[in-house]
Amino acid sequence: MSMEELAQQGYLTPDGVRGKRFGDLEVLELGATTVARLAKAGLDFTPASAVTFPCERYKAPKRAGLVKPDNVYLHRIAGRLVPIAVAEWKDKARLRKSSDELAAAEQAVVGALAMGVRLALTTDGERFRYIDAAASAAAGKIVEIQEVRDFTPSVLSDLYRGESDVERDPRPLSEKVWQIIWQTTKAEPKDCLLTFVEFFMLKFLSDNLPLSVLPADYRFDVLLSDPDEFARNKGCTQIEYYVNSIRPAHQAGFRGTPCGRRRQSAERIRARDDHFVHVDH
C-alpha cells in the first residue's frame with residue numbers, strides 16, 4: 001500500500017511524518033498502513049523479519065511487515081520518531097466473548113513485536129487492557145500489565161517509563177511552577193499559589209479519573225496541542241477554552257461533592273476568576 005492513508009490523515013509534512021499530539025508523545029491513527037510502510041515513511045525502527053508469537057485466535061500475516069496496527073504511539077527524540085506502543089481499537093460487539101478479547105490481545109502483541117516495541121493495548125473506547133508484548137513473547141502467552149486507569153497520555157507515559165507505580169513528591173514542581181506564575185503575573189503570592197493548586201488539581205484529576213467521569217475534552221492534555229490547530233478545532237485559544245469550558249466543568253464537580261474543603265477551594269478559585277482572565281489576556 002502507498003502512503004495514501006498517512007497523507008489523508010495529514011501526517012506527511014515537508015519535515016517528515018508528524019503525528020497528532022498525545023501529551024508529550026504523538027499518535028498515528030491508522031488501520032490500513034503496514035509496518036513496512038511506516039518504516040519507509042521515516043519512523044525510527046526496523047521491522048521484525050518474523051514474529052513467532054503463538055496465536056490461538058488471531059490469524060497473523062505471514063510476513064511481519066504486513067501487520068497493520070490501528071494506532072501507533074511515538075516518542076520524538078532529537079528529531080527521531082521512535083515507536084513506543086501500539087493499540088487495537090475494536091467495536092464493543094467484537095469484544096463480547098473471551099475468544100474475541102484473546103484475538104484482539106494477540107493482534108496487539110503481534111503488532112508490537114513487528115515494530116519492536118514493548119507496550120500493546122486493546123480497547124473498545126471504554127475498557128482498556130494493557131499488555132507487555134516482550135514478556136508475552138517470552139512466556140508464549142498474553143502477559144498483562146497491572147494498570148487500572150483509563151488510557152490517557154499520562155498513563156502511557158508512565159507505562160513507557162516504567163513509572164506507573166512510582167510515588168512522586170510534588171514539592172519541587174510546585175515551587176518551580178509557583179515561581180513561574182509569580183514572575184509572569186506579579187500577582188499576590190496567595191493568588192499565585194491558588195493558580196498552581198488549580199492547575200495541579202486539573203492535572204491530577206486528568207491523570208486518574210475515568211473518562212466516564214471526566215471526558216477527554218475537559219482534561220489537561222487537551223490544552224497541549226499546537227495553538228493554531230487548537231484554534232481551528234475549538235474556535236478559541238487554549239486559555240479561553242480553559243476559562244470558559246474546562247474550569248466550569250471542574251467547578252460543577254466541586255459543587256456536587258460533599259467535601260467542604262473542596263467546596264472552599266472552588267469558591268476561592270471562583271473568587272479570583274476576573275483576575276485570572278485579566279492576567280492571561
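In this text, all values refer to a predicted model and were calculated from it rather than measured experimentally.
- At least one side-chain heavy atom of Leu119 sits less than 4.5 Å from a side-chain heavy atom of Ile145.
- Contact between Tyr11 and Glu29 at its shortest, heavy atoms only, is OH-N, 3.0 Å.
- The backbone N or O of Leu74 lies less than 3.5 Å from no partner atom in the side chain of Glu26, so there is not a single donor-acceptor pair.
- Listed for the Asp91 side chain is no donor-acceptor partner under 3.5 Å among the backbone atoms of Ala93.
- Under a hydrophobic-cluster definition in which Ile, Leu, Val, Met, Phe, Trp and Tyr are linked whenever side-chain heavy atoms come within less than 4.5 Å, directly or via other members, Leu211 and Val27 are assigned to the same cluster.
- Within 6.0 Å of CZ in Arg21 there are more than 12 heavy atoms belonging to other residues, nucleotides or ligands.
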After noting the C-alpha distance and the side-chain angles of Glu106 and Arg57, does the key distance pass the salt bridge (Lys or Arg N to Asp or Glu O under 4.0 Å) rule?
CA-CA 8 Å; Glu106 290 174 344; Arg57 305 295 303 183; over 6 Å; no
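- Taking OG1 of Thr237 as the reference point, atom CG of Asp228 lies at 11.5 Å (rounded to 0.5 Å).
- A distance of 8.0 Å separates CG in Leu121 from CG in Asn71, rounded to the nearest 0.5 Å.
- Nearest heavy-atom pair, Thr123 versus Glu126, reported as atom, atom and distance to 0.1 Å: OG1-N, 4.0 Å.
- Counting heavy atoms from C-beta outward, Val86 and Val67 have side chains that stay 4.5 Å or more apart.
- A donor-acceptor contact closer than 3.5 angstrom links the side chains of Glu198 and Tyr242.
- Using bins of under 30°, 30° to 60° and over 60° for the plane-to-plane angle, the ring pair Phe151/Tyr73 lands in the perpendicular bin.
- Residues Leu224 and Val243 fall within the same hydrophobic cluster, defined by Ile, Leu, Val, Met, Phe, Trp and Tyr side chains chained together at heavy-atom separations under 4.5 Å.
- Atom CG of Leu209 sits about 8.0 Å away from atom CZ of Phe204, to the nearest 0.5 Å.
- Nearest heavy-atom pair across Pro69 and Glu88 is CA-OE2, 3.5 Å.
- For Arg219 (side chain) and Ser206 (main-chain N/O), a donor-acceptor pair under 3.5 Å exists by modelled atom type.
- A 6.0 Å sphere centred on CZ of Arg76 holds more than 12 heavy atoms belonging to other residues, nucleotides or ligands.
- Within 6.0 Å of CG on Asp24 lie no more than 12 heavy atoms contributed by other residues, nucleotides or ligands.
- No side-chain donor-acceptor contact under 3.5 Å links Gln9 and Glu5.
- A salt bridge between Asp158 and Arg149 is present, with a side-chain N of the basic residue lying under 4.0 Å from a carboxylate O of the acidic one.
- Using a 4.5 Å cut-off on side-chain heavy atoms (C-beta onward), Leu6 and Leu38 make contact.
- Minimum heavy-atom separation, Phe53 to Lys141: CE1-N, 3.7 Å.
- Looking only at distances, no side-chain donor or acceptor of Asp44 sits under 3.5 Å from a matching main-chain atom of Arg80.
- Distance CZ/Arg161 to CD1/Ile84: 7.5 Å, rounded to 0.5 Å.
- Open room surrounds OH on Tyr218; 12 or fewer heavy atoms of other groups in view lie less than 6.0 Å from it.
- The cluster map of Ile, Leu, Val, Met, Phe, Trp and Tyr, joined by side-chain heavy atoms under 4.5 Å apart, puts Leu214 and Phe199 in the same cluster.
- Separation of atoms CD (Gln238) and CD1 (Ile246) is listed at 9.5 Å; rounding is to 0.5 Å.
- At least one side-chain heavy atom of Leu43 sits less than 4.5 Å from a side-chain heavy atom of Leu28.
- For the pair Ser136 (side chain) and Val143 (backbone), a donor-acceptor distance under 3.5 Å is present.
- Rounding to the nearest 0.5 Å gives a distance of 11.5 Å between CG of Asp100 and CG of Asp124.
- Side-chain contact check for Cys55 versus Val110: some heavy-atom pair is nearer than 4.5 Å.
- A salt bridge (Lys or Arg N to Asp or Glu O under 4.0 Å) with Glu101 is found for exactly one of Arg94, Lys92, Arg127, namely Arg127.
- Hydrophobic cluster membership differs between Val109 and Leu66, with clusters built from Ile, Leu, Val, Met, Phe, Trp and Tyr side chains linked at under 4.5 angstrom.
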Mind running side chain to side chain contact (heavy atoms under 4.5 Å, CB included) on Asp191 and Thr185 for me, showing each step along the way?
CA-CA 10 Å; Asp191 286 330; Thr185 66; over 6 Å; no
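- Summarising the geometry of Ala114 relative to Val35, their closest heavy-atom pair is O-CG1, 3.8 Å, with the distance given to 0.1 Å.
- Of all non-hydrogen atoms in Ala133 and Ala112, the two that sit nearest each other are CB-CB, 3.6 Å.
- The aromatic rings of Phe196 and Phe200 are tilted relative to each other, their planes meeting at an angle between 30° and 60°.
- Val148 is not connected to Tyr160 by any chain of hydrophobic side-chain contacts under 4.5 Å among Ile, Leu, Val, Met, Phe, Trp and Tyr, and they are in different clusters.
- Using a 4.5 Å heavy-atom cutoff, the side chains of Val155 and Phe128 are not in contact.
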